[in-house]
Protein chains: 2
Amino acid sequence: MDVARAAGVGKSTVSNVLNGTGRVGEAARRRVLDTIEQLGYQPHQGARSLRSRRTMRLAYLMPPIQLEPTNLIMMQFLQALLTAAAGQHYGVLVVPEAADPSDDIRRLVADRSVDAFVLSELQPADPRAELLHRLGMPFVCFGRTDRRGRLAWVDIDDAAGVADAVAHVIGRGYRRPGYIGYEPRTYWDAEREAGFRAGLAATATATARATDGDGAGVLRLADDATARASIRSFLVSARPDAVLTGSDKIAVIVYGAAAELGLRIGRDLAVVGFDGSVGATLLSPRLTSVVMPVEDIASRVVERAQLLIERGPGDPPGEILPTWLREGQSTTGPAA
Amino acid sequence: MDVARAAGVGKSTVSNVLNGTGRVGEAARRRVLDTIEQLGYQPHQGARSLRSRRTMRLAYLMPPIQLEPTNLIMMQFLQALLTAAAGQHYGVLVVPEAADPSDDIRRLVADRSVDAFVLSELQPADPRAELLHRLGMPFVCFGRTDRRGRLAWVDIDDAAGVADAVAHVIGRGYRRPGYIGYEPRTYWDAEREAGFRAGLAATATATARATDGDGAGVLRLADDATARASIRSFLVSARPDAVLTGSDKIAVIVYGAAAELGLRIGRDLAVVGFDGSVGATLLSPRLTSVVMPVEDIASRVVERAQLLIERGPGDPPGEILPTWLREGQSTTGPAA
DNA sequence: TGCTACTGATGGAAGGTTCCACCAAGTCTA
DNA sequence: TAGACTTGGTGGAACCTTCCATCAGTAGCA
C-alpha cells in the first residue's frame, strides 16, 4: 500500500481512516487524507470484499417487460432505486429475471457478489423470497408478501390511494363513480378495488348519499386484448360519470374508449389513473392520478437493506407509505 | 480450498479446471467437477477479481428518464443488454447517470469494479467517452461517436430505416409523404431526416414521380410542449397523406392530432413510427414502425466489450445493424 | 512509585483465488 | 541409452485489503 508509505504511517492506519474504524489521531488522519487525495487512491473493491465480506452491492431482480407501458413506473422505480443506493454508496447489480430465477439467485449468493437483494412485484408465497430466506441472504421487497413475520417490505397504501381519489371526484361534483381494474391476481389488484368500495362507503355516509349506492359498479379486466371493448361496453351500460382505474395504463385505454363514444374527458367522464407515471402526464387532457412515491419507496428499501446488512433482522417487518393525488384536467368537474 | 482437498488434487488443478487454463487430465477433471457439483462450490468473486484483475462485470451508464415514453425503447435495450451480458457470464452494474458522471466513472475505474463500460445516447465529442479513453478503460457505445478511429460502437442504419419506410408507404399507394422529427440535436435526428429525403429521391426516380417532388416536406419539432400544436398545423397546411416520424413517441402525438382533425389513421393519413417500442403496438390502429433490433444491438455490444477486455483494441471501430419494418394497420392504404 | 487504563498506531496474518516456476513420469528421437 | 520434449500436476507467492493482537507512551490514581 503505497499510500501508507507516502503518508509515513502504517497501512492499518490508512485502513482505519478509510473505514472510520479503530482510533486515529487528528494529525495522522489529515496526512492520510491528503496523500489519498493527492494520489487519487481508491481501495480495490475485490480485495476489500474478500477480507471484509462486504461488497457494497445490491442485486435487483428486474422483472421482464411485459407488453405494458405499466412498466414505465417500474423503470422510474429502478431509476429511483439506483439513485437511492448510490446515495448510500451501494452499487446495484441488475439481474434480468429469468423464468426460473433460482439458479441466478443461488449463484449470486454463493458468489458473494452482493450484500442483499431487492425484489419487486411480490407474489403470495413468493418462491424468490422463500429461497433467499433459506439461503440466509438479506433482502427487501417492494410490495407486500404474506409470509408472516420476518420479511422486510415497503409498500404503498393502495386502498387509501383509491379511496382518496373517490373522495376527490365526489368533491368535484361527480355522482356515479365506477372502478376499472384487473381481475385480482396480485395483492394490490384486490387492494385497490377494495379501496374503491371503501371510498364509496365513506362518502356515501359522510355526505348523506352524495353517490347513488354502489356508484356505477366495478369492471374487472381479464387481459389487455379485450380491455378496450370491455371498457366501452362498461361505459355504455353502467354509465359512470367518473372512472377510477387500477393503473395509468388502464386510464389510457379509457381515454381511447371515451373518444370512440364521443365522451369528453373531464366533462362527461372523469378519469383517475394510478401510478403517477411520467408518461401519463403527456395525455390530453392531463390525467389526474394517484401517485406512488417511487423515490421515497426506493429510499426506504435501500435504508432497510442497509440495516439488514449491518445489524441483521429485527426491525418491524413491513412499512406502508402514503400516496398522493396529482390533479390533472381529467377531473375538473362535470358538465353543467 | 476444500474442494481441492475433497477431490484429492492440488488447488491449482481445481483452478485450471474452472478456468480452462493449464493442462488437466480427464480423470482429474472428472473428479474435480464431481466434487464441485457435490459441494455446490462457487469461486469467491472478490478473491477472483483480486488475483485475476477480471471482475466479469460491465457498467452501464443509464441515462436519466426524461419526460418521454421514448425511453421505453431504452428500457427494452437495458433488458436486452442485461440478458446478452448474462449470456456471456457478465453481470451488469447499472449506474444512474448524474449531471456530471465523471466522478462516478473515475471511481468505478479506480475501484476495479468493472471490466468495461457501456454507453448509450452518445453525443458528438462525448465527454464520457473522452474520459474513459483517457483512463484506458474499455468501453462500447450504442450509437455513433465522431471520434475518428479507435472507439467501438454499434448503431443502426437510421437513414436506411426511414428510406425503407418511405418506399413502403409509396408502395401502399400514398402520394404525399411528409416527415416529422426533432430539430437535429443528435446524430440520428439528422440521419433519419436525411433518410426521408433519400427515400423520397429514390422512389421519385424509380417510379417516375410516384410522389410529387419533395412530398409534403419536413417538420422539425423544437420541444414536447408545442409538439402537438405544431403537428396539427403541419397536417393542415402541408396536407401530407402519409407521415414518417423520428420516433414512436412523435407518432403517438400524430395520432392525437389526427383525431382532433378528424383524420382516420391509415385511410386519410398513414403514420410510421421509429423504434418499434412495445408500447406502440398498443395503439389503435396498430402503428407501423421502423424496428430497431435491440436484442441484436445488445448482443453485439456485449461481444465487442468482451473482445476489448480480452484482446484489447484492434477491431474495426464501428458496426451498423439493419432495421426492419413492422407493419401495423396505420399504413394499409389510402382511402379510395 | 507502581499499577491500571487509555490513546494512537503498528506489523503480521488471513481471506480465496490465480499465476508461475518447477517437477515427475512417460514418450520420442538420434 | 542419453537427451529433449510433452503431459499432468504441484505448492508457494502474489493480489490488496481488513482484522487482531500487541506495543509504546501518557495520564490518572492511590
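Given the structure is predicted, the values throughout are model-derived calculations rather than measurements. All chains are named by letter (A, B, ...) in the order of the sequence lines, taking the proteins before the strands, and each is independently numbered beginning at 1.
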Please report the C-alpha distance between B:Gln123 and B:Thr186 in whole Å, then the side-chain angles of each, then the deciding distance to 0.1 Å, and finally whether the side chain to side chain contact (heavy atoms under 4.5 Å, CB included) criterion is met.
CA-CA 6 Å; B:Gln123 311 217 332; B:Thr186 64; 5.6 Å; no
Yes or no on side chain to side chain contact (heavy atoms under 4.5 Å, CB included) for B:Tyr60 and B:Phe77, after CA distance, side-chain angles and deciding distance?
CA-CA 11 Å; B:Tyr60 174 56; B:Phe77 174 68; 3.8 Å; yes
Show your reasoning for whether side chain to side chain donor-acceptor pair (under 3.5 Å) applies to A:Ser15 and A:Asn19.
CA-CA 6 Å; A:Ser15 176; A:Asn19 300 298; 3.3 Å; yes
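Between D:dA14, D:dT10, C:dG12, one nucleotide has an atom nearer to the side chain of B:Ser12 than all others, and that is D:dT10. Proximity note for B:Arg51 (side chain, C-beta onward) versus C:dT10, C:dT17, D:dT10: the nearest is C:dT17. With D:dT17, C:dA9, C:dT10 as the choices, the nucleotide that has an atom nearest any side-chain atom of A:Val9 turns out to be C:dT10. Of the candidate nucleotides C:dT18, D:dC16, D:dT18, D:dT18 has the atom nearest to the side chain of A:Ser52.
Residues from residues 26-39 of chain B with heavy atoms under 4.0 angstrom of DNA chain D, sorted by number: B:Ala28.
Residue B:Tyr41 places at least one side-chain N or O closer than 4.0 Å to OP1 or OP2 of C:dT17. Close to D:dG9, at under 4.0 Å from its OP1 or OP2, lies no side-chain N or O of B:Arg23. Contact between the side-chain N/O atoms of A:Asn19 and the OP1/OP2 oxygens of D:dT18 is found at a separation under 4.0 Å. OP1 or OP2 of C:dT18 lies within a sub-4.0 Å distance of a side-chain N or O belonging to B:Ser15.
Distance B:Asn16 CG to C:dT18 C1': 9 Å, rounded to the nearest Å. Computed from coordinates, the B:Arg112 CZ to D:dC16 P distance equals 9 Å when rounded to whole Å. A:Gln42 places its CD atom 10 Å from the P atom of D:dT17, with the value rounded to the nearest Å. Look at NE2 on A:His44: it is 15 Å from P on C:dT17, rounded to the nearest Å. Here the P atom of nucleotide D:dT17 and the CZ atom of B:Arg53 are 10 Å apart, to the nearest Å. Distance CG (B:Asp111) to P (D:dT17): 10 Å, rounded to an integer number of Å.
Judged by distance alone, the side chains of A:Ser277 and A:Asp275 never bring a donor and an acceptor atom under 3.5 Å apart.
As judged by a 4.0 angstrom heavy-atom cut-off over every strand, B:Gln45 is placed among residues making no nucleic acid contact.
When each of B:Leu50 and B:Thr13 is assigned the nucleotide of DNA chain D with its nearest heavy atom, B:Thr13 is the one assigned upstream, toward the 5' end. In terms of position along DNA chain D, the nucleotide closest to B:Ala47 lies nearer the 5' end than the nucleotide closest to the other residue of the pair B:Ala47 and A:Arg48.
Look at B:Asp104 and B:Arg107 and you find a salt bridge, because one of the NZ, NE, NH1 or NH2 atoms lies within 4.0 Å of a carboxylate O, short of that distance. A salt bridge is absent between A:Glu130 and A:Arg134: the closest approach of a Lys/Arg side-chain nitrogen to an acidic carboxylate oxygen does not fall below 4.0 angstrom.
Evaluated for a side chain to side chain contact (heavy atoms under 4.5 Å, CB included) with B:Val9, the options B:Thr35, B:Val3, B:Val14 yield exactly one hit, B:Val14. Exactly one of A:Gln42, A:Gln45, A:Met56 qualifies for a side chain to side chain contact (heavy atoms under 4.5 Å, CB included) with B:Ser113. That residue is A:Gln45.
A donor N or O paired with an acceptor N or O is found under 3.5 Å between the base of D:dG12 and the side-chain atoms of B:Lys11.
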